[in-house]
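First up is the structure itself, then whatever we jot down about it.
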Amino acid sequence: MGWSLPVIESMQKLNKPYVVVSYPDFEEYAKEHSIPFVSYAFNEWSDSSNSLDLKVKLDAFGADVAVPLFEETVEWAGALNSLYRDDPRVLNRAFLFRNKAMMKRKALIGGLRVGLFEEVYNKEGVKNFMNRLNQANLQIDGEEDSWVHIKPFASAGTVGHRLLRSQSDIDTKCQDDEFPCLAESHLPGREFSCEAFIHGGKIRFMNITEYVKLGYSNFIPEGNYLHTKREKILKEMQKLVDLFGIQYGMIHPEWFLTENDELSFGEVACRIPGGHILELCGQAYGFDALAAFVMCHDPELTEEELQQLLPPLDARPETFYGNVMIYPHKNQISKLVIPEELKEESYFLDHNLVPPLSSQKISDREGFGNHFGTVNFKGEDPDRMTELLLHYENVDFYH
Amino acid sequence: MQEEGVISESNLASFDELFENYKSATSLTRGEKAQKIMGQLDTWCGTLQGIREVYQRIPDLTEAGIFKGGPWEHPDKLVPQLVNGTYKSGHPNSTIELLSELRMLALLEGEIAGSEEQQEEADSYLQEVLVHNLEFVFNEPQEETRLAMSAHELTKVHALFQFILEKIELSKVKSKLVEELTLICEQRPVVTEKQRRIIALVKEKIELNPDDPADMELLAFQRVIYKPSPGVAGKDHLAYGKALNRMKIETLEEEASALGNSMLQFGLVSTYQAVLLVHLVKKDYQELIPVCLGLNPTGLARFNEFKDFVCFLILQVIHPFNAQCIFGLAKMLENGIISREAVRSGLFNLTKITVHPEVARRILKSTRTPHEKVTPKQYLIGALFRILGQPLGVGQGNNPTCQSARGISMWSQHAPAKLIHMVQTAAVYDNLSFRFEGQEISYSTTPAGLVQNLDHHLDAVSVTLVPMLDRVYNEMMRRASGRGEDPHKWVNPGLYGQWIQIGFASAYDYLSNAIVDFDGFVRVFYTMCHPRFNGGHRLVYPNPVGIFITSAKGEMLGFHAVSLLRVDEDPSGVVRAYFLNPNNEGRQDWGQEIKPSVYGKGEIHGESSLPIYQFAARVYAFHYNNLEAASKMETIPQKEVDKVRKLAKDSWGKSYTWLEIKKQW
């Protein structure tokens, strides 16, 4: 559910029956390329546009599993899978992934470490939340405010995510139309994400993505230090899977690891992660991560098939694949400049940057904004990879 | 230390990995994977060694289909003229373009299998690409190229052309250079920068052999710039100036005659000629001045009539670094414009003005190497000589301002004093006003026109006037739009003047959004201009004509403004339309074998020409005498109309609906 050419290609290669459900815009392309397709307006929910209606359309293709590729198809897939599996809780679980406050509560109940959080409905609410947080942190007059993050309940990734460092930030950075939101205390520690491929309620393969800088760069597999925590992470991950009752599919939570080895839960999604993570993951571990993502949703998948699709749980690749997303540093740009040093960089793999339209103006960033392209690296040393990614984040590719 | 340009093992391996991914992808994601390959290859191309590595991989990349489904797919459909622009658009296009050139080379060298004919085609394609990209071949980018391209892109394209030059016979390129220079010079353009650059580059970078026939022609071009007379040998213009003081009158006469003839050969003037001309005026060698100007008898008579005034102008304007205008001055004397009192007064007045600082800035920006001793006013008057002397040499540069260029050319021929006065007003006040339908339109109070960033590869008169004309034209268009007809019906006479005919024919009908009664349209066109059907009449004034521009495949590209100057038989008896195309490009291909010629088919310098039916097949609007057309329309044979109609319908006509109802012309 959702339009993704790489996923369609992976399905074609697997030779498994599939049908793509997406917006009518893609219908013509699908027809031209003989891609089985059902056109559906995900943004409309009515008497004539709903999961029961969609199911009827999909029955013609013999569909029995729905796979959400993007955030906005998560509930739709949840609803269909509820019908297919005859289990209403599957839909409720989908709602869980779509509401950041609900997922936090669920995590808290299950004993995962989370920050202080609250649902807020306006700027006043954020101010009160920050005040209470300051109180709890025993703020003395003149000391800085405690940091607060706000995120819309249902947005993907970094969209609408704002870090508020002071009371005055609340006035300047928050827009009235962005509420309601989840407000939460700032979690200290190193941030990373996990991609756990789950079948029959068990984690069958787990990747750890090291975030060099959130929204900018990551690499796979995890570096040496994070790797020493792998067992601990795997345990917490299985806890999360059990707690959320996830049977099939892939989850992509974000975690924070403090210096004294405590893991805090950030948030979790069950669609294809951003930042080209599955692409890096597939390259590093040498498997078709998109095919595996789709197939793990199928309860009928055999053990043998699973083993063919997924790398072993304890695999540790020797080559690291990393990427840095490139954003223009200026408001007005006119050309793409590939820096000389990149040409001599042996870790450089590829990039897909394109020149701007003549004198393009950069609109204000939403979340982390749209990146202009990605530069990929590969190499044997994760420390050098980290250095490179940090460095290129600050290189100006657009003048 | 690593050898320069050697691609590291890991980068070579990265290419292999990306290439494998590409080959295993289906058509759905191939584009994306090809882009990644381009990203890696792009970084290799900064050195000759890197280009070599890419070249080795070209057969495999081609075989794998890297060009499939894109504009570069078919080597035989590529257009050498488009290459330059593609390089300027940067990566990834420039990288694919580079691969495409290497594929041609591989085809030529037999690395990629191809028929003898294909090899031949690849050879001529590459040569033509070289000729159109001399700035990259010699790594001397024009200013606009420099602005558009990053340092890496420039190195990359330069490395490519170095590589191609290594592999290609230079002698074949030489003949293309001669052809290119001839095509440019035969048009006698007002701006001579391009041919001068090619001549300079050839001098600097290519060893010429006086015994090789192709070289002799190139040497002829070099001579007019570097050694136009016996007396200049081994001297720069300063040394030449000193030498003149010691010359006897016989030697001076030889010099004057040599320089005058040299200028007439290609319409190019050397610095030496300015030195000599000023010397002759200052020393009062009056009878040698017309020799130095290379004047014909008419010109000589006019010179003798206005001797004092011409000498005054020479001393005011001519300088070794403003020498090219000598040719314009000579042509001005020959075409008689100088005989008009209003013209002489206007020119005299111009010598007294103070140029507005903003206009001075534009003029200096348009001058490639402004010289401190030459004032903006001298450049401006010099450019005016050129425009008045070579009205068909006016060009629009790289600007969408064909309308303005057409106007300047038209006024230069038929209202020179009006043009001079416009130049004067614009230069002094950086402003210009026009009357339009009883109201005033002023440059300073109207919003921007078609030009966003003026390309300054223009003459000083054009950089002064065009920004203003463009805005005024745009404002007229705005005021005349929404009347259910092409606004040019009113704007053409408003902008160009009252000699534009009242009748206005348009093939396109605004109300029905279709081509209506095209047969009638063609008939009116023929009665307007074809001497066999209009009573044997000649055209009196240039007719502002709107044409469809079509690609080499005949596809509709857009609209363009030209002036139809005359319709006449060429030396072989073909009736041709001779027109001014302010585009100044001698190698146009409009598809369907329609290729405007710029010389050799009876053209006067600066004219383009086409057989009349081919020209008619691209016209969509023109002016005509509405009292006259109806009576003659039926005399045009249907066969001729059908010929035009077929060409039109099979090309730009595909973009329109055609309605066959008759209309009243």
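A, B, ... follow the sequence lines: proteins, then strands. Residue 1 opens every chain. For clarity, every value in this text was computed on a predicted model and none was experimentally measured.
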Item to check | All side chain to side chain contact (heavy atoms under 4.5 Å, CB included) counterparts of B/Lys167, not counting sequence neighbours | outcome: B/Tyr55, B/Leu105, B/Glu109, B/Phe163

Checklist entry - Given the rule in the salt bridge (Lys or Arg N to Asp or Glu O under 4.0 Å) test, do A/Lys31 and A/Glu28 qualify, once you have shown the distances and angles that lead to the verdict? => result CA-CA 5 Å; A/Lys31 199 181 278 172; A/Glu28 202 176 308; over 6 Å; no

Against chain A, label [X] side chain, backbone, both or neither, depending on which of its atoms sit under 4.5 Å from a heavy atom there.
{"X": "B/Thr155", "value": "neither"}
{"X": "B/Asp42", "value": "side chain"}
{"X": "B/Ala25", "value": "both"}

Checklist entry - Please walk me through it: do B/Thr95 and B/Lys156 pass side-chain hydrogen bond (donor to acceptor under 3.5 Å, both in side chains)? => result CA-CA 9 Å; B/Thr95 307; B/Lys156 168 171 135 183; 2.8 Å; yes

Checklist entry - Is it the case that B/Tyr87 and B/Glu101 place a side-chain donor and acceptor less than 3.5 Å from each other? => result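 Yes, side-chain donor-acceptor contact under 3.5 Å.
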
Item to check | Pairs of heavy atoms under 4.5 Å with chain A: top-ranked of B/Glu153, B/Glu17, B/Glu32, B/Met38 | outcome: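 Highest number of heavy-atom pairs under 4.5 Å: B/Glu17.
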
Next on the checklist: Only pairs of heavy atoms separated by less than 4.5 Å count here; which of B/Pro92, B/Cys45, B/Gly90 has the most with chain A?
Outcome noted: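 Counting heavy-atom pairs under 4.5 Å, the top option is B/Pro92.
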
Checklist entry - Is it the side chain or the backbone of A/His351 that comes within 4.5 Å of chain B heavy atoms, both, or neither? => result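 Contact with chain B: backbone and side chain both.
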
Item to check | Proximity breakdown for A/Leu353 and chain B, heavy-atom pairs closer than 4.5 Å | outcome: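 Backbone only.
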
Next on the checklist: Set out, in order, the CA-CA distance, both residues' side-chain angles and the distance that settles salt bridge (Lys or Arg N to Asp or Glu O under 4.0 Å) for A/Lys13 and A/Glu9, then state yes or no.
Outcome noted: CA-CA 6 Å; A/Lys13 286 187 181 168; A/Glu9 181 178 274; 3.7 Å; yes

Checklist entry - Is B/Arg57 positioned over the aromatic face of B/Phe19, cation under 6.0 angstrom from the ring centre and no more than 45 degrees off axis? => result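 No, cation not above the ring by the 6.0 Å, 45° rule.
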
Checklist entry - Does a salt bridge link A/Arg316 with A/Glu222, judged by any charged N lying under 4.0 Å from a carboxylate O? => result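 Yes, A/Arg316 and A/Glu222 are salt-bridged.
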
Checklist entry - Can you tell which of A/Val324, A/Asn376, A/Thr209, A/Thr386 makes a side chain to side chain contact (heavy atoms under 4.5 Å, CB included) with A/Phe219? => result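 Exactly one candidate clears the test, A/Thr386.
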
Checklist entry - Under the 3.5 angstrom rule, does the side chain of A/Asn323 hit a backbone N or O of A/Gly275 as a donor-acceptor pair? => result yes

Checklist entry - Could you name the residues of residues 276-297 of chain A that have a heavy atom within less than 4.5 Å of a heavy atom in chain B? => result A/Glu279, A/Gln283

